[in-house]
Amino acid sequence: MTDLITITNNLDVEFDAALIQKLDRKGPRYTSYPTADRFTPEFAYRDYLQAVNGAITRGNVHPLSLYIHIPFCESVCYYCGCNKIVTRDRSKAATYLRYLKREIDMQGRLLAGANRVEQLHFGGGTPTYINDRQMGDLMAHLQRWFEFVPDAEGEFSIEVDPRTVSRERALSLRNQGFNRISLGVQDFDPEVQKAVNRVQPEEETRAVIAAAREAGFRSVSIDLIYGLPKQNLATMQRTLDKVIAADPDRISVYNYAHMPHLFKPQRRIADIDLPVGDTKLAMLALCIQRLTDAGYVYIGMDHFAKPTDDLAVAQRQGRLHRNFQGYSTHAEADLIACGVSAISAVGATYSQNAKTLDEYYDRIEQNELPIVRGMRLSMDDLLRRIVIQMLMCHFELSIHAIELAYPIVFNSYFRTELLELQHLEENGLLVMDEDWITVTPKGRLLIRNICMVFDHHLRTAEKDVGLMHTTSPTPQNYSRTI
Ligand code: SF4
């Protein structure tokens with residue numbers, strides 16, 4: 001089965017089932033390079049301070065992208081692979097917010113004078129687990145410490161669980177400063193919803209979308225998942241009909257990665273209920289076909305957007321970027337992340353907060369930022385990061401531009417990688433000439449395979465696994481590329 005699907009911004013994506021089946025393998029999603037499993041405890045709080053102070057002293061200050069993590073959920077969705085805390089005890093959120101605000105104070109003090117925020121994202125867990133008053137209070141706290149650009153210039157987004165948001169709450173979120181809203185839908189089919197323990201009546205979701213439009217949110221986004229239990233082509237077709245009718249600005253279609261050895265809630269999903277590989281691939285083909293026919297642009301990985309949406313515009317203008325929240329329009333921003341397990345990216349460093357509430361609280365009690373691991377990127381990491389960014393965001397790489405920015409001869413430096421790329425070129429995933437590496441329409445769905453060639457750390461881990469003497473994270477801990 002080979003379908004050619006042409007999309008509207010002159011970028012093509014071609015679905016080639018045989019090729020996908022042949023090359024599909026496990027690999028990172030490259031929301032960062034190096035990936036978070038390379039972080040070590042040798043990089044901690046003081047290294048982060050040094051990185052921030054160094055950037056401020058050198059006047060090398062970028063606008064900020066702020067990420068706020070709210071880890072709580074009221075019930076567990078069986079497909080979940082996130083770092084979350086499932087509880088109905090609301091007092092836990094009140095305690096968490098007290099500590100979160102102390103962390104924000106510390107970051108605010110550290111970044112005084114370099115605190116212009118162009119982008120804000122609330123993720124989780126379920127950010128709307130905290131109530132309206134708590135959210136208003138938290139936003140006011142952020143606004144005291146950081147200087148937010150005007151609404152028309154900034155991108156201030158929140159992930160919501162439609163089950164937790166009324167019309168009034170949606171209006172309130174807009175008043176509190178959010179201008180983008182992202183709704184977790186996953187699937188509209190009642191049987192699928194039951195199988196994943198996320199029963200969410202369609203009317204409820206439609207009401208939240210209507211309220212978001214009424215409130216004046218600039219962009220409404222919907223998340224879907226393919227490969228869930230009880231899903232088939234017919235249920236997917238019906239879900240897509242409803243999603244397209246709801247007319248969101250962005251749609252994400254994630255591949256469900258069934259890894260019950262890593263994620264306990266997934267053990268509640270019976271293997272027999274999962275769609276088999278061929279059906280799953282056909283569902284992906286259907287999603288691409290239906291969404292591009294409906295006028296959405298394929299941005300890359302799991303993301304589609306209307307041609308007028310900022311993501312599609314940024315991609316056309318070569319400004320698209322990838323960070324821990326996925327694709328982003330703010331390439332130059334340093335990412336400051338607050339909350340348990342959150343990951344910041346400042347200059348050539350990554351730093352991650354403690355992953356358990358106890359440790360997170362404990363560090364803050366000591367008046368320290370709760371950073372417990374991270375890494376400082378080497379020149380090689382920075383070079384590979386930009387190569388992977390270009391490929392993920394723009395599907396092409398100018399060898400000349402890399403040689404202008406870095407003191408290397410590309411063909412010598414990446415001799416091994418170029419040999420491997422030849423194999424992917426023979427399979428039709430890309431074309432190479434003296435100056436460009438260009439991903440073909442059929443290579444776009446397999447972009448992770450192409451990026452993995454440039455992943456030095458992954459290569460080392462694979463070599464170690466081959467020799468059977470590694471304790472490093474192995475490729476087996478990643479999801480499949482499709
Ligand atoms: S999928 Fe989202 S809402 Fe469901 S348990 Fe995981 S983090 Fe919570």
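We count ligands from 1, going down the list as the structure has it; atoms in each ligand are counted the same way. Numbers here are sequence positions counted from 1. FYI, side chains are in, hydrogens and waters are out, and symmetry mates aren't considered; it's all heavy atoms of this structure.
Residue Arg198 approaches ligand 1 through these ligand atoms, each under 4.0 Å from one of its heavy atoms: 3 (S), 4 (Fe). Heavy-atom proximity to Thr126, at under 4.0 Å, picks out these atoms of ligand 1: 3 (S).
Counting non-hydrogen atoms of neighbouring residues, nucleotides and ligands closer than 6.0 angstrom, the NZ atom of Lys84 exceeds 12 such neighbours.
Among protein heavy atoms, atom 8 (Fe) of ligand 1 sits closest to Cys73 SG, 2.3 Å. Counting protein heavy atoms only, atom 6 (Fe) of ligand 1 is closest to Cys80 SG, 2.3 Å. Among all protein heavy atoms, the one lying closest to atom 2 (Fe) of ligand 1 is Gly125 O, 4.2 Å. Nearest to atom 4 (Fe) of ligand 1 among the protein's heavy atoms is Cys77 SG, 2.3 Å.
Shown here for Phe122 and Tyr67, the closest heavy-atom pair between the two residues is C-CE1, 4.4 Å.
Ion pairing between a basic and an acidic side chain is recognised when a charged N comes within 4.0 Å of a carboxylate O; Asp241 and Arg290 show such pairing.
Taking the six-membered ring wherever Trp is involved, the centroid distance between the rings of Phe72 and Tyr129 falls below 6.0 Å.
A cation-pi arrangement is absent between Arg385 and Phe454 under the rule of less than 6.0 angstrom and at most 45 degrees off the ring axis.
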